[in-house]
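Here's the structure we're looking at; comments come further down.
First listed ligand is number 1; within each ligand, the first listed atom is number 1. FYI, side chains are in, hydrogens and waters are out, and symmetry mates aren't considered; it's all heavy atoms of this structure.
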Amino acid sequence: MSSLLDVRAVCKSFGGRRVLGPVSFTLDAGEFCAVTGPSGSGKSTFLNLAGFLDTPDAGEIHFAGKAVPPGDARTATRLRRDSIGMIFQSVFLLPQRSVLENVLFRARYSGIPRERFMARALDLIDQLGLTARMRQKARLLSGGEAQRVAIARALLTDPALLLADEPTGNLDAESAEEVMRALSDCAARGIGVLLVTHNPALLRHVHAHVECREGRFSEPG
Ligand SMILES: Nc1ncnc2c1ncn2[C@@H]1O[C@H](COP(=O)(O)OP(=O)(O)OP(=O)(O)O)[C@@H](O)[C@H]1O
Ligand SMILES: [Mg+2]
């Protein structure tokens, strides 16, 4: 069976300076993989390519067995909308809106009425332990709660791939554990989860780990 995400010798340069690659990487459905490495080594650049927010200068990316050529903006948009959830270090919640409204916000881009997502949103809020906070404005949440709302929002459309860039960067150890448990649960349900983290203590949760250094990947030694 082909991998969920299959990145083949991709390279990315900015302003003539190569910041990533060539890098090859595969992630299967249900696999939880971490990318670590120093600041500026190319981790977020890689995640943006894997999430089709940006396009590689060279190499290929296959999603669920199909190549997505860099010029195929239509497929990239569809994958981002339907099949990929992204979580960023800054959670970008709407501060004056409730937890439930923030989770449902993702439905806005689907072209499907948000009422149709309601049962799914309530289920995710429950799974992430946020039911008691559901009507609360996002600005009143703790960091860990806010990050769990971001996870629920990313999962609203049942993505096959979840990309998380330092989702625990601003959290204390206990909240970071909550977020890691939530990501582990996603992998256990069959989602491919790719996590960027600086925190070695969190690596015990993951199945696989690669290190990014100066734009290249290696198995940690
Ligand atoms: N849009 C861009 N334009 C120009 N340079 C960029 C751009 N995006 C990233 N870079 C550069 O590419 C390099 C890798 O950046 P990247 O954000 O991927 O690092 P990172 O490993 O995620 O670092 P951190 O751990 O600090 O988040 C950096 O030198 C950065 O300045
Ligand atoms: Mg980064």
Check residues 51-64 and write down every donor-acceptor pair under 3.5 Å in which the side-chain atom is one partner and the other belongs to a residue at least two apart or another chain.
residue : atom : partner : partner atom : Å
D54     : OD1  : K12     : NZ           : 3.3
D57     : OD2  : S13     : N            : 2.6
E60     : OE1  : H62     : NE2          : 2.7
H62     : NE2  : R8      : NH1          : 3.3

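- Side-chain atoms of H198 and T36 include no donor-acceptor pair closer than 3.5 Å.
- A 6.0 Å sphere centred on CD of E174 holds no more than 12 heavy atoms belonging to other residues, nucleotides or ligands.
- A chain of hydrophobic side-chain contacts below 4.5 Å, direct or via other Ile, Leu, Val, Met, Phe, Trp or Tyr residues, connects F32 to I87.
- No hydrogens or angles considered: a donor-acceptor pair under 3.5 Å links the side chains of D172 and S175.
- Residue pairs meeting the salt bridge (Lys or Arg N to Asp or Glu O under 4.0 Å) criterion with at least one member in residues 185-210, sequence neighbours excluded, are E177-R204.
- With contacts defined as side-chain heavy-atom distances shorter than 4.5 Å, the pair M118/R120 does not qualify.
- When only modelled atom types and interatomic distance are considered, D165 and S44 share a side-chain donor-acceptor pair under 3.5 Å.
- T26 and D6 are not linked by any side-chain donor-acceptor pair at a separation below 3.5 angstrom, with hydrogens and angles left out of the test.
- Excluding waters, the set of protein N, O or S atoms lying under 2.8 Å from the Mg ion (ligand 2) comprises S44 OG.
- Using a heavy-atom distance under 4.0 Å as the criterion, the protein contacts of ligand 1 are F14, R17, V19, P38, S39, G40, S41, G42, K43, S44, T45, H198.
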